[in-house]
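We name chains A, B, ... by the order of the sequence lines, and we start the count at 1 in each one.
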Amino acid sequence: MAKAPVLTPQAQDFPRWYQDVISKAELADNGPVRGTMVIRPWGYALWERMQREVDDRIKAAGAQNAYFPLFIPQSYLQREADHVEGFAPELAVVTYAGGKELEEPIVVRPTSETIINSFFSKWVQSYRDLPMLLNNWSNVVRWELRPRIFLRTTEFLWQEGHTCHATEADARAYARRVLDEVYAEFMENVLAVPVVKGLKTAKERFAGAVNSLSCEAMMRDGKALQMGTSHDLGQNFAKAFDVQYLSSSGQQEYAWQTSWGVSTRMVGGLIMCHGDDAGLRVPPALSSIQVVVMVVRDSDGVRAAVDRLVDELHTSAIRVEVDDRVDTPFGRRAVDWELKGVPLRVEVGPRDLAEGTVTVVRRIPGTKTSVTLAEVARDVTGALVEDQQALYDEALARREDATIDVSTVDDAAQAAATGWARIPWSTLGVEGETLLATQAISVRCLIRADGGVPESADEPDLIAVVGRSY
RNA sequence: CGGGGUGUGGCGCAGCUUGGUAGCGCACCCGCUUUGGGAGCGGGGGGCCGUGGGUUCAAAUCCCGCCACCCCGACCA
């Protein structure tokens with residue numbers, strides 16, 4: 001008789017499956033304050049690898065890391081009208097500290113536009129100071145009424161980039177460059193998550209931005225997740241915080257700005273895009289452990305063979321971990337690694353060694369094969385590359401199958417029950433967008449007919465990608 | 001804000017109707033046997049039963065208040 005499934009099957013109850021994976025794969029726990037989370041080592045390892053890969057790309061795009069404070073004077077938030085209105089409901093405000101009531105309340109940052117701009121106004125003096133490209137790795141707090149671990153938590157970890165440019169065109173181009181070269185490139189090639197890049201509608205735009213661009217991914221239940229955003233801020237904050245520079249022609253000009261961010265929400269996206277009924281599936285390019293070598297039983301020279309194999313894999317620049325917990329039943333260990341989603345398992349036991357082989361188990365396609373000792377390193381290296389691609393291809397095919405072109409608002413609503421719909425923006429319009437909102441369906445982004453990212457929502461022939469979202 | 005529900009070892013629950021001071025599964029600890037797909041057997045540790053009051057010889061159980069959390073609706077995006 002089959003054992004009860006380790007996880008609630010996705011088809012039975014997707015949200016429950018998501019909670020089960022997070023708990024059984026030891027990714028995170030809920031914190032004591034509602035909406036907060038404790039990120040456990042395996043979950044944090046995913047985030048650390050994401051940070052490393054994103055950070056490399058941010059630096060390649062010319063930005064430098066800096067750090068700005070957690071606490072912001074409340075008055076700063078109030079300087080930009082749309083910004084304060086957008087964030088007011090989710091602010092955590094400190095009014096009492098050091099044993100007494102504060103003269104001016106302090107806001108725990110929900111994002112750092114205001115405090116960073118207060119320093120830009122000091123640092124940006126001349127066109128020679130531009131562009132100024134900064135990035136801040138930090139935690140932020142947005143009080144959430146309906147939290148979901150990793151996807152929408154009261155406190156989360158992220159990076160926020162903030163830049164100043166001499167011209168509107170430069171700022172726009174940079175916001176777009178981050179979207180393409182930092183975010184989408186990372187998501188598709190490292191996370192193996194295909195994304196649709198597009199422009200947010202006025203309704204979905206960041207509070208205080210002129211335009212917001214986003215990367216949208218489809219989860220296995222057909223819902224959308226905004227994986228990252230990049231904003232063209234125009235001169236809104238520059239004017240509110242007096243960020244001016246002297247141009248080469250001797251004029252005082254307001255700087256043109258951008259801001260952009262990705263967060264621990266990506267961990268949730270990774271889980272829901274690739275996970276299956278056996279647990280997480282981590283893409284090889286991301287995983288902090290690419291191959292786990294299992295000592296099936298410590299006898300007949302198994303341990304020595306494992307040590308030699310690990311050295312060889314290290315030499316091939318593969319991230320390897322040994323599982324020599326021989327006191328724990330084999331099946332338990334195998335299930336644990338599957339839940340955690342490590343891409344490859346190499347099982348070494350006396351039976352294998354007698355044949356001069358090892359057993360290679362691939363988590364992503366779910367295959368198990370016997371490979372000779374001489375070929376392991378080559379086989380493993382090839383499997384890591386193939387499975388990275390397979391994961392991406394699978395996710396892309398799933399998204400395409402679940403996305404349909406429609407020409408009426410009713411059909412769009414129908415399609416959103418199981419996936420996404422593409423509908424001409426001229427057909428949908430703001431009225432259609434409002435109507436869909438009553439059914440918890442939103443415009444994820446606007447794209448051009450050829451899939452390109454629009455410069456503005458006023459371009460003709462735009463397509464709205466609509467769906468339900470997290 | 002309105003309606004409904006739930007609070008009992010780390011987690012999930014039973015016990016409450018018909019009061020007699022707590023039990024099950026998983027997890028944990030010890031021993032032996034196991035170990036190629038979630039181990040078996042034996043032994044063991046752990047609970048102010050959300051909280052404050054009341055009734056009673058006696059309250060997890062009955063009565064009243066409070067708190068927290070969950071679901072549905074409304075509101076907001």
Residue of the set A:Trp256, A:Phe206, A:Trp260 for which ring pair (Phe, Tyr, Trp, His ring centres under 6.0 Å) holds with A:His231: A:Phe206
Touch class at under 4.0 angstrom, heavy-atom based, for A:Asp352 against every strand present: base
Separation between the C1' atoms of B:rU56 and B:rG19, rounded to whole Å: 9 Å
Nearest-angstrom distance, P atom, B:rU6 to B:rC63: 13 Å
Evaluation steps, salt bridge (Lys or Arg N to Asp or Glu O under 4.0 Å), between A:Arg363 and A:Asp276: CA-CA 10 Å; A:Arg363 176 68 180 85; A:Asp276 64 18; 2.7 Å; yes
Inter-nucleotide C1' distance (B:rA68, B:rA22), Å rounded: 24 Å
Nucleotide opposite B:rG42 in a Watson-Crick or G-U pair, distances under 3.5 Å: B:rC30
Distance, P atom - from B:rA77 to B:rC69, rounded to whole angstrom: 24 Å
P atoms of B:rC75 and B:rC66, separation to the nearest Å: 28 Å
Ring center gap for A:His162 and A:Phe68 short of 6.0 angstrom: no
B:rC16 to B:rA60 separation - P atoms, rounded to the nearest Å: 14 Å
Sugar-phosphate, base or nothing in reach of A:Pro329, heavy atoms under 4.0 Å: base
Sugar-phosphate only, base, or nothing, as touched by A:Lys368 at under 4.0 Å among non-hydrogen atoms: base
Sugar-phosphate, base or nothing in reach of A:Glu347, heavy atoms under 4.0 Å: base
First of A:Thr328 and A:Leu339 reached from the 5' end of RNA chain B, by closest nucleotide: A:Thr328
Span that lies between the C1' atom of B:rG5 and that of B:rC41, in whole angstrom: 42 Å
P spacing across the pair B:rC67 / B:rC26, given as an integer number of angstrom: 39 Å
Sugar-phosphate only, base, or nothing, as touched by A:Thr359 at under 4.0 Å among non-hydrogen atoms: base
Sugar-phosphate, base or nothing in reach of A:Arg142, heavy atoms under 4.0 Å: nothing
